[in-house]
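One structure is given below, encoded as structure tokens.
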Amino acid sequence: MTDLPTAARLRIASYILSFIALVAVLELGLLSALLSGLLVYNLVHYSAPFLGRLGISGHLAKTIALAMLALIFILVIVAAVMSSMALLTDGSDEGIVSLFQKMAEIIDTAQLHLPNWARDYFPSNLEELETLAAKWLREHAGQLQLVGRELGVLLVRIIVGMVIGGMIALSSSVAASPEPGPLAIALRERIELLSAAFRNIVFSQLRISALNTVFTAIYLVVILPFFGVHLPLVKTMIAVTFIAGLLPVIGNLISNTVIVVVALSVSFVAAVGSLAFLVIIHKLEYFLNARIIGSRIKSRAWELLLAMIVLEAWFGIAGLIAAPIYYAYLKDELKKQSLI
């Protein structure tokens with residue numbers, strides 16, 4: 001058997017290294033760092049051409065774009081903190097405080113809406129719920145400390161990933177000295193394809209969140225009032241649905257929980273109906289989401305669903321989140337080699 005050409009061996013080596021790196025990202029819990037780094041990298045590259053129209057080009061354009069992104073990131077954090085404080089102190093009927101107060105009132109009076117067989121499984125009043133919550137907190141104090149530490153580590157990884165993404169974006173516009181070797185060039189090709197796959201998935205997630213919000217708004221504003229059910233805090237729940245929908249998987253759980261609890265304030269039937277509707281809608285959206293993402297990465301819905309199931313079984317939630325990006329990258333690699 002003749003030896004493979006040097007270029008082919010280098011390409012195979014870059015594939016192997018890329019595979020090891022992508023698996024290691026999931027095994028080591030570094031998906032947040034990878035995604036934040038890819039986000040900054042793509043934003044810098046997308047912002048630089050706009051600055052080029054103003055006569056700024058090359059490394060300077062990317063430097064200014066990165067500085068602007070850093071400033072925007074800081075302003076977003078400040079605005080988020082200030083808006084959160086405003087919402088927490090807002091006494092309007094559509095504020096977050098009103099939502100929390102309404103949910104507390106619902107829990108406190110839930111037994112009025114529950115059937116007899118379900119009342120034994122639900123706290124009789126808010127005080128009993130607080131007692132149960134305090135007991136649970138004492139029993140799981142160690143686990144909660146671990147969760148707090150994990151959240152801190154997650155935030156650090158996101159920030160470090162953003163810094164690395166910015167540094168890579170800047171270094172790509174500087175002439176390397178000495179010239180990169182053939183393996184480095186092959187690895188750069190793998191990174192560019194992964195970045196393109198990430199870019200396609202991010203745009204798809206925005207469409208998915210918007211679609212989810214539209215369906216939820218139709219249910220809250222049209223369907224429920226048609227049956228004579230009028231829920232409070234509709235505007236707030238629609239806003240929560242869109243913002244939470246930007247988070248893959250867990251976003252739907254957050255918005256659905258809020259809607260079902262608020263529906264319980266009207267009646268037990270409204271809560272069960274809301275839960276059934278949301279479950280059915282999100283099961284349908286599961287396939288629509290696969291179709292939306294598949295249209296951008298030129299994949300059939302069943303292919304993406306299969307990738308999501310396999311990676312979720314292998315790596316859990318992290319695998320489920322990474323599956324569309326990883327599969328899009330894999331398909332781009334296969335297309336590049338004219339294998340599919």
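What you see is a predicted model, and the numbers here were worked out from it, not measured in a lab.
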side-chain contact (heavy atoms from CB on, under 4.5 Å) evaluation trace for Met162 with Leu39: CA-CA 8 Å; Met162 295 176 73; Leu39 177 62; 5.9 Å; no
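- Looking at Ser274, its side chain never comes within 3.5 Å of a backbone N or O of Ala263 through a donor-acceptor pair.
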Run the side-chain contact (heavy atoms from CB on, under 4.5 Å) check on Phe198 and Leu34 step by step: do they pass? CA-CA 10 Å; Phe198 170 82; Leu34 174 64; over 6 Å; no
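- Through direct or indirect side-chain contacts shorter than 4.5 Å among Ile, Leu, Val, Met, Phe, Trp and Tyr, Tyr15 is connected to no other residue.
- Cluster partners of Leu187, by chain and number: Leu10, Leu17, Leu183. The rule joins Ile, Leu, Val, Met, Phe, Trp and Tyr whenever side-chain heavy atoms lie under 4.5 Å apart.
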side-chain contact (heavy atoms from CB on, under 4.5 Å) evaluation trace for Ile325 with Leu35: CA-CA 10 Å; Ile325 300 173; Leu35 297 183; 3.5 Å; yes
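- Side-chain heavy atoms closer than 4.5 Å link hydrophobic residues (I, L, V, M, F, W, Y) into clusters, and following such links, possibly through other members, connects Val262 to Phe227.
- Partners of Ala33 according to the side chain to side chain contact (heavy atoms under 4.5 Å, CB included) rule, which considers only residues two or more places apart in sequence or in another chain, are Arg157.
- Take Arg11 and apply the side chain to side chain donor-acceptor pair (under 3.5 Å) test, not counting sequence neighbours, and it matches no residue.
- The CG atom of Leu194 lies 6.0 Å from the CG atom of Leu22; values are rounded to the nearest 0.5 Å.
- Under the rule for a salt bridge (charged side-chain N to carboxylate O under 4.0 Å, His left out), Glu312 has no partner lying at least two apart in sequence or in another chain.
- Contacts of Leu330 classified as side chain to side chain contact (heavy atoms under 4.5 Å, CB included), with partners at least two apart in sequence or in another chain: Leu334.
- With sequence neighbours left out, the side chain to side chain contact (heavy atoms under 4.5 Å, CB included) criterion links Ile164 to Val160, Ile168.
- Tyr326 pairs by the ring-ring contact (aromatic ring centres under 6.0 Å, His included) definition with nothing, not counting sequence neighbours.
- Asp332 meets the side chain to side chain donor-acceptor pair (under 3.5 Å) test with no other residue; sequence neighbours excluded.
- Leu231 places a side-chain heavy atom less than 4.5 Å from the side chain of Val229.
- Residues forming a salt bridge (charged side-chain N to carboxylate O under 4.0 Å, His left out) with Arg190 (at least two apart in sequence, or on another chain): Glu333.
- Residues that satisfy the side chain to side chain contact (heavy atoms under 4.5 Å, CB included) test with Ile238, not counting sequence neighbours, are Thr213, Ala217, Leu220, Val221, Val234.
- When the side chain to side chain donor-acceptor pair (under 3.5 Å) test is applied to Ser32, no partner is found at least two apart in sequence or on another chain.
- Of the N and O atoms on the side chains of Asn42 and Ser195, at least one donor lies less than 3.5 Å from an acceptor on the other residue.
- Contact between Phe315 and Val23 at its shortest, heavy atoms only, is CZ-CG1, 4.1 Å.
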